[in-house]
Visitor: 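Got a structure here, written out as structure tokens. Questions coming.
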Amino acid sequence: MEKTYNPEQIEAKYRALWEDKNLFSSDANSTSENAYSIMLPPPNVTGSLHMGHAFQHTIMDVLTRYHRGKGDQTLWQPGTDHAGIATQMVVERQLAAQDITRHDVGREKFIEKIWDWKEQSGGTITSQMRRLGSSVDWEKERFTMDEGLSAAVNKVFVQLHEEGLIYRGKRLVNWDPVLQSAISDLEVVAQEENGFMHHVKYPFVDGDGFMEIATTRPETILADGALAVDPSDERYKDVVGKWVHVPMTNRTIPIITDEYVDMAFGTGCVKITPAHDFNDWEVGKRHKMEVINLLTPDAKMNANAPKEYQGLDRFVARKQIIKDLDNAGLLVKIEPHKLTPPRGDRSGAILEPYLTDQWFVKIAPLAKPAIDAVKNGDIRFIPENWNKTYFNWMDNIQDWCISRQIWWGHRIPAWYDEQGNIFVANSEAEAQAQAGEGVKLTQDNDVLDTWFSSALWPFSTLGWPEKTPDLSRFYPTDVLVTGFDIIFFWVARMIMFGLKFAGDVPFKDIYITGLIRDGQGQKMSKSKGNVLDPIDLIDGITLEDLLEKRTQGMMQPKMAKKIKKQTQQEFADGIPAFGTDALRFTFAALASFGRDIKFDLKRVEGYRNFCNKLWNASRFVLMKLEGESINPKADLSTADQWILSRLQNTKKNVEKHLTDYRLDLMSQELYEFVWHDYCDWYLELSKPLLQDEATKAGTQATLIKVLNEITTLLHPIIPFITEEIFEQCNTITGKDNTSLMTQSYPQVDETLVSTESEAEIIWLQTFILGIRKIRGEMNIPPSKPLSCFVQNFNESDELHLNNNANILSALAKMQEINKLAPSDEAPESAMALVGEMKILIPLAGLIDKDQEIARLSKEIEKLDKQKMQFEGKLNNEKFVSGAPEAIVNVERERLASTLNAIADLNAQLDKISSL
RNA sequence: GGGCGAUUAGCUCAGUUGGUAGAGCGUCGCCCUUACAAGGCGAAUGUCACAAGUUCAAGUCUUGUAUCGCCCA
């Protein structure tokens with residue numbers, strides 16, 4: 001083995017090997033009793049994996065590899081999403097660069113172009129996943145627009161329509177004038193911006209005077225249907241029922257009352273514009289108001305507006321009308337005002353409430369069972385508190401607008417005859433059959449919201465509506481791993497559709513992960529220039545390349561300077577190559593239940609170091625075993641029994657943490673066992689034990705046994721390096737195993753738990769630590785041999801001393817240990833305690849007297865503080881009588897041993913001081 | 001306005017039925033000890049945001065306050 005861990009070569013080797021040998025296949029193990037399945041949340045087919053994906057993939061892969069190791073028939077289902085609007089916008093932008101629109105190209109050609117783009121860029125994600133070692137079943141890879149999945153979409157649509165749960169209706173929707181499509185409520189983002197409030201006069205039709213109202217959108221005055229006041233508003237009691245002129249038009253409208261009006265806001269009188277505001281739409285319906293739409297699909301003033309405004313963009317029209325109002329003396333004032341205009345999450349354009357025909361899912365009947373599934377525990381959110389968020393939304397859920405006026409996606413399976421009759425069917429032929437022969441049909445132009453097909457993902461990928469073996473074996477899936485940002489978009493809808501169509505919940509657990517942020521806690525985004533590509537952490541990247549990557553194709557070139565500066569500061573030397581395993585270990589270690597995760601490169605470095613540690617430990621073991629035959633039945637030393645006992649404890653904890661989805665605790669457990677128990681102590685203990693023929697064989701057997709289990713335990717987190725070590729171990733043990741992947745996950749062996757050996761090693765560690773501490777504080781090099789006296793030892797101390805003389809010599813460089821009778825006078829010494837036993841290291845030229853006095857005083861001071869704590873508790877009558885006896889006894893013992901130690905140290909201090 | 005979350009060592013974070021506050025990184029010493037300097041050994045560092053309450057006992061449970069963040073309207 002190489003002296004230094006080199007991830008690059010190892011990873012390339014096993015990436016190929018795993019797939020060649022088909023080790024990710026879900027068909028393997030088909031006779032096993034249990035099945036385990038996870039659906040990969042399908043990423044956008046033309047996108048690339050960001051840190052959040054890599055994080056979630058790591059979690060899913062750990063779970064997948066673990067269950068594979070447990071012998072379950074395991075499926076991790078991969079695939080990608082067509083991501084309707086996002087993908088279409090990319091291709092439209094490409095066209096725009098050539099100064100053409102999708103309408104110039106035509107629907108069919110345009111869709112072809114998108115498919116081309118999908119083919120061209122669709123490989124990015126899958127190749128990134130391979131780099132990460134994601135062990136998905138590639139043979140089962142699906143795309144949301146595959147034939148089978150599209151058929152499932154149609155079937156669901158048709159059935160929901162038949163049941164009256166999908167309907168078409170003219171309603172106000174959120175209209176994106178840039179996309180020229182409706183979008184769902186969820187795709188609307190609101191952010192506070194600075195705007196203006198315009199106060200406008202509406203003259204009375206009869207008599208003098210006017211009503212004053214305030215509006216942020218004066219251009220919609222032209223479509224007003226009424227003015228409204230609160231029914232109980234005394235100020236306007238006399239004017240209710242009167243009529244006013246709508247400024248800039250010839251129309252007149254009434255003054256009405258409605259509870260919706262907020263008396264305290266503005267003048268207490270509002271204009272009602274049913275076609276251009278969601279609230280006003282409801283008021284308008286109550287009062288049977290005329291609905292006037294002023295806008296074209298691209299948000300210009302249409303023919304319903306007075307001539308002089310027609311054709312103007314909505315914002316130009318606003319300016320114009322303000323000017324005209326002012327000229328007409330109807331503008332009272334304009335004040336700055338904070339407002340939150342709705343914007344499209346894709347286009348960023350300000351949205352318009354817009355009156356169009358759209359398809360909707362009537363959601364309440366579907367939501368009810370989905371709420372119950374979480375309430376009755378069929379589905380569990382992890383961490384649990386997310387179910388509050390879920391209920392909060394589900395209890396107030398609105399009908400879902402599913403039609404989009406774009407071209408990329410599943411075309412709505414509805415056809416119209418020339419009279420406008422609708423035929424919803426699985427295919428055109430079926431629709432034709434419904435309509436009758438010879439009737440000319442045209443298909444609905446719209447496509448479905450991308451999330452409609454995503455909602456079917458857990459069963460459509462398994463072959464639904466066919467009753468496939470995969471479907472019966474793997475549905476419901478075991479866990480969904482995803483971010484909180486798509487609980488509403490995706491998770492809730494999968495639950496609703498899964499229950500409705502697949503007859504069961506789509507998953508039993510929902511593991512909601514935190515969000516990966518940059519080192520400053522900022523959300524990673526392209527425009528902020530703080531994104532990290534997981535592959536760059538694996539392969540490393542120079543500062544120059546990173547700068548280039550972060551600043552190319554910027555929407556705002558101004559930002560480039562700032563981003564450059566930031567990047568230069570944070571990554572002055574670029575990013576070193578850490579390897580996939582180090583990155584995966586980092587993600588696993590960060591996977592606690594918090595909401596946000598600040599990603600710290602230093603952590604990756606630390607886990608890369610861990611890999612190196614593991615690598616070198618393996619080298620050590622292999623060097624010590626080379627050319628030797630291993631006897632698994634050899635007698636075991638106390639150290640051997642100890643490490644095996646610790647190993648059982650580790651396995652127990654790992655198992656628990658995994659079932660709790662606490663991958664952070666799992667990785668921490670393994671980190672500590674490997675580094676601190678196995679490397680720091682056991683490998684050091686093994687050195688003298690290997691020198692001794694009596695203990696050599698047992699030590700060799702234990703070294704390799706524990707190493708083998710370590711690699712198997714760590715494999716789900718760091719598959720590459722463990723696979724390489726496993727292979728190297730095979731050459732030593734002469735075994736010929738295909739892969740670590742096919743090894744079964746280690747089980748706890750209770751017979752190996754040994755409290756005696758653990759107690760003895762703790763004794764040994766205390767002894768060695770005591771010596772090291774004196775060495776450390778006295779600046780005595782660890783290489784300098786020492787001798788010591790022991791005094792005040794009991795039988796078991798004596799036994800341990802006799803057993804471990806050569807270990808103490810090796811690990812503490814303790815040449816001679818001389819026993820003193822209690823009455824013997826010890827020479828001037830530095831002292832450490834192991835329980836009641838005193839270890840005395842003669843000062844004799846080695847140790848400075850004052851230093852030892854200071855050291856002892858410090859120790860005593862520390863113990864004194866503890867003593868006071870224990871005494872305080874025990875002197876409290878209420879504690880002694882109120883607390884459980886066991887607890888009180890523990891405190892008593894603690895106090896007793898602290899008092900003993902203080903007494904010993906004080907005696908020693910007095911003795912040295914007096915010399 | 002409604003809901004959720006966070007506040008623990010210089011930094012990033014663990015802390016599972018309440019029972020002596022932990023890790024990694026960083027810092028300071030001493031060591032190139034034949035697996036590993038991407039390392040070893042040792043050390044220092046905390047009114048657990050604040051206030052009140054429950055309890056023999058609160059980082060942990062309850063209530064309130066402050067600051068920060070997210071979601072929804």
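In the text below, chain A, chain B and the rest are named by the order of the sequence lines, each starting its count at 1.
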Visitor: With a 4.0 Å cut-off on heavy atoms, is Glu2(A) in touch with a base, just the backbone sugar-phosphate, or nothing at all?
Guide: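 Here Glu2(A) touches no strand at all.
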Visitor: What is the distance from CZ of Arg517(A) to P of rG69(B), rounded to the nearest Å?
Guide: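 That distance rounds to 10 Å.
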Visitor: Could you tell me how far rA21(B) sits from rC13(B) if I compare only their C1' atoms? Round to whole Å.
Guide: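 Pairwise C1' distance, rC13(B) against rA21(B), rounds to 14 Å.
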Visitor: Have a look at Ile487(A) and say if it touches a base, only the backbone sugar-phosphate, or nothing, with a 4.0 Å heavy-atom cut-off.
Guide: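 If one applies the 4.0 Å heavy-atom cut-off, Ile487(A) turns out to touch nothing in the nucleic acid.
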Visitor: State whether Glu672(A) and Arg646(A) are salt-bridged, where the test is any N-O pair (Lys NZ or Arg NE/NH1/NH2 against Asp/Glu carboxylate O) under 4.0 Å.
Guide: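 Salt bridge between Glu672(A) and Arg646(A), a charged N being under 4.0 Å from a carboxylate O: no.
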Visitor: Testing the 3.5 Å rule here: is there a donor-acceptor pair between the side chains of Glu669(A) and Asn653(A)?
Guide: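 Note: Glu669(A) and Asn653(A) side chains meet the donor-acceptor criterion.
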Visitor: Under 4.0 Å between a Lys/Arg side-chain N and an Asp/Glu carboxylate O for Glu852(A) and Arg855(A)?
Guide: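 Yes, Glu852(A) and Arg855(A) are salt-bridged.
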Visitor: Checking contacts here: which listed nucleotide (rA38(B), rU12(B), rA43(B)) is nearest the side-chain heavy atoms of Lys598(A)?
Guide: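 Per side-chain heavy atoms of Lys598(A), the pick is rU12(B).
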Visitor: Any side-chain heavy atom of Lys784(A) sitting closer than 4.5 Å to one from Lys813(A)?
Guide: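 Not in contact.
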Visitor: If you check every side-chain atom of Asn612(A), which of rC36(B), rG42(B), rA35(B) has the closest atom?
Guide: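 Comparing rC36(B), rG42(B), rA35(B) against the side chain of Asn612(A), the answer is rC36(B).
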Visitor: What nucleotide among rG69(B), rA38(B), rA35(B) has an atom nearest to a side-chain atom of Asp596(A)?
Guide: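 For Asp596(A), the side-chain atoms sit closest to rG69(B).
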Visitor: For the residue pair Phe720(A) and Pro7(A), establish whether any side-chain heavy-atom pair is separated by less than 4.5 Å.
Guide: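 Counting from C-beta outward, Phe720(A) and Pro7(A) never come under 4.5 Å.
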Visitor: Is the shortest side-chain N to carboxylate O distance from Lys858(A) to Glu861(A) below 4.0 Å?
Guide: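 Not counted as a salt bridge, because no side-chain N and carboxylate O are separated by less than 4.0 Å.
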Visitor: Quick one: the side chain of Lys388(A) and the base of rC4(B), do they pair up donor-acceptor inside 3.5 Å?
Guide: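 Result: no qualifying N/O pair found.
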Visitor: Reckon Arg608(A) touches a base, only the sugar-phosphate, or nothing at all at heavy-atom distances under 4.0 Å?
Guide: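 Since a base atom lies under 4.0 Å of Arg608(A), the category is base.
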Visitor: Need one value for Phe610(A): base, sugar-phosphate or nothing, where a base atom within 4.0 Å counts as base even if backbone is also close, heavy atoms only.
Guide: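 Here Phe610(A) touches no strand at all.
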Visitor: Among the nucleotides rG39(B), rC13(B), rA43(B), which one has an atom lying closest to any side-chain atom of Lys613(A)?
Guide: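 Given the options rG39(B), rC13(B), rA43(B), the side chain of Lys613(A) is closest to rG39(B).
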Visitor: For the residue pair Tyr511(A) and Phe593(A), categorise the inter-ring angle as parallel (less than 30°), tilted (30 to 60°) or perpendicular (more than 60°).
Guide: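 Answer is perpendicular, since the angle exceeds 60°.
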Visitor: Could you say whether Phe488(A) or Ile768(A) is positioned toward the 5' end of RNA chain B, judged by the nucleotide with the nearest heavy atom to each?
Guide: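 Mapping each residue to its closest nucleotide by heavy atoms, the 5'-most match is Ile768(A).
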Visitor: Write down the distance separating the C1' atoms in rU55(B) and rU62(B), rounded off to the nearest Å.
Guide: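 My reading of the C1' atoms in rU55(B) and rU62(B) gives 12 Å.
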Visitor: Taking only side-chain nitrogens and oxygens of Lys3(A), does any of them come within less than 4.0 Å of OP1 or OP2 of rA37(B)?
Guide: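 Checking rA37(B) against Lys3(A), a side-chain N or O does come within under 4.0 Å of OP1 or OP2.
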Visitor: Expressed as a whole number of Å, how far does the C1' atom of rU27(B) sit from that of rG10(B)?
Guide: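 Taking atom C1' in both rU27(B) and rG10(B), they lie 9 Å apart.
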Visitor: Under 4.0 angstrom, heavy atoms only, what part of the nucleic acid is Leu769(A) near: base, sugar-phosphate, or nothing?
Guide: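 Sugar-phosphate contact only - Leu769(A) comes under 4.0 Å of backbone atoms but never of a base.
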Visitor: In whole Å, I'd like the distance from the CG atom of Leu601(A) to the P atom of rC11(B).
Guide: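 Spelled out: CG on Leu601(A) to P on rC11(B) is 19 Å.
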Visitor: Would you tell me if any nitrogen or oxygen in the side chain of Thr389(A) comes within less than 4.0 Å of OP1 or OP2 on rC4(B)?
Guide: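 No.
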Visitor: Please check if atom CD in Gln398(A) has more than 12 non-hydrogen atoms from other residues, nucleotides or ligands closer than 6.0 Å.
Guide: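 Open.
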Visitor: Among rA38(B), rG42(B), rG40(B), which nucleotide has an atom closest to any side-chain atom of Asp680(A)?
Guide: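 It is rG40(B).
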Visitor: Would you mind reading off the distance between Glu724(A) atom CD and rA35(B) atom P, rounded to a whole angstrom?
Guide: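 Rounding to the nearest Å, CD of Glu724(A) and P of rA35(B) are 21 Å apart.
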Visitor: Reckon Lys773(A) has a side-chain N or O less than 4.0 Å from the OP1 or OP2 of rA43(B)?
Guide: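 Yes, within the criterion.
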Visitor: Could you summarise the pairing of RNA chain B as dot-bracket text, marking Watson-Crick and G-U pairs under 3.5 Å with ( ) or [ ] inside the strand and | across strands?
Guide: (((((((..((((.....[..)))).(((((.......))))).....(((((..]....)))))))))))).
Visitor: If you check the Asn876(A) side chain, which of rC56(B), rA35(B), rA44(B) turns out closest?
Guide: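 Taking heavy atoms from C-beta onward, the closest nucleotide is rC56(B).
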Visitor: Does any part of the side chain of Ile839(A), heavy atoms only, come nearer than 4.5 Å to the side chain of Ile774(A), both counted from C-beta?
Guide: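 Contact flag for Ile774(A)/Ile839(A) side chains = no.
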Visitor: Return the 5'-most residue of the pair Lys624(A), Pro7(A) with respect to RNA chain B, ranking by each residue's nearest nucleotide.
Guide: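 Per heavy-atom nearest nucleotide, the more 5' residue is Lys624(A).
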Visitor: In this structure, how many angstroms lie between the P atom of rC72(B) and the CD atom of Gln398(A), rounded?
Guide: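 Going from Gln398(A) (CD) to rC72(B) (P), I get 14 Å.
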Visitor: Between P on rG39(B) and CZ on Arg619(A), what's the gap in Å once rounded to a whole number?
Guide: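 Distance check: Arg619(A) CZ to rG39(B) P gives 14 Å.
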Visitor: Under the ring-ring contact (aromatic ring centres under 6.0 Å, His included) criterion, do Phe673(A) and Tyr682(A) qualify, and how do the steps go?
Guide: CA-CA 10 Å; Phe673(A) 177 74; Tyr682(A) 184 68; 9.4 Å; no
Visitor: Taking everything shown except Gln9(A) itself, do over 12 heavy atoms lie less than 6.0 Å from its CD?
Guide: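 No, the 6.0 Å shell around CD holds no more than 12 heavy atoms from other groups.
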Visitor: If we take the P atom in both rU7(B) and rG15(B), what is their distance in whole Å?
Guide: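 Roughly 10 Å separates the two P atoms.
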Visitor: Calculate the interatomic distance between Asn387(A) atom CG and rG3(B) atom P; express it in whole Å.
Guide: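 Distance, rounded to whole Å: 16 Å.
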Visitor: In whole Å, what separates the P atom of rU45(B) from that of rA6(B)?
Guide: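 Their P atoms lie roughly 30 Å apart.
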Visitor: Between rC70(B) atom C1' and Asn392(A) atom CG, what is the distance in whole Å?
Guide: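 The answer, rounded to whole Å, is 13 Å.
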Visitor: Any side-chain N or O of Arg662(A) under 4.0 Å from OP1/OP2 of rG15(B)?
Guide: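 For rG15(B), OP1/OP2 do have a side-chain N/O of Arg662(A) under 4.0 Å.
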Visitor: Could you give the distance separating rG26(B) and rG40(B) at their P atoms, to the nearest angstrom?
Guide: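 The same atom, P, in both gives a distance of 12 Å.
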Visitor: What does the B/S/- profile of nucleotides 18-34 of chain B look like, 5' to 3', with a 4.0 Å heavy-atom cutoff to protein?
Guide: -BB---SS---SS--B-
Visitor: Nearest whole angstrom, please: distance from the P of rA35(B) to the CG of Asn6(A).
Guide: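 Going from Asn6(A) (CG) to rA35(B) (P), I get 21 Å.
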Visitor: Check the orientation of Tyr671(A) and His676(A). Use parallel for under 30°, tilted for 30 to 60°, and perpendicular for over 60°.
Guide: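 Because their plane-to-plane angle is over 60°, the rings of Tyr671(A) and His676(A) count as perpendicular.
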Visitor: Taking only distance into account, with no hydrogens and no angle test, what donor-acceptor pairs under 3.5 Å do side-chain atoms of residues 877-886 of chain A form with protein atoms, sequence neighbours excluded?
Guide:
| unit_1 | atom_1 | unit_2 | atom_2 | d |
| --- | --- | --- | --- | --- |
| Ser881(A) | OG | Glu877(A) | O | 2.9 |
| Ser881(A) | OG | Lys878(A) | O | 3.4 |

Visitor: In whole Å, measure the gap between the P atoms of rC72(B) and rU16(B) for me.
Guide: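 Here rC72(B) and rU16(B) have their P atoms 31 Å from each other.
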Visitor: Which part of the nucleic acid, if any, lies within contact of Ser881(A), taking any heavy atom under 4.0 Å across all strands shown: a base, the sugar-phosphate backbone alone, or nothing?
Guide: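 Nothing: the residue Ser881(A), judged by heavy atoms under 4.0 Å, touches no strand.
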Visitor: Looking across every strand, which nucleic acid part, if any, lies under 4.0 Å from Cys679(A) by heavy atom: base, sugar-phosphate, or nothing?
Guide: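 If one applies the 4.0 Å heavy-atom cut-off, Cys679(A) turns out to touch a base.
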Visitor: In whole Å, what separates the C1' atom of rG46(B) from that of rC41(B)?
Guide: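 Going atom to atom, C1' in each nucleotide, I get 25 Å.
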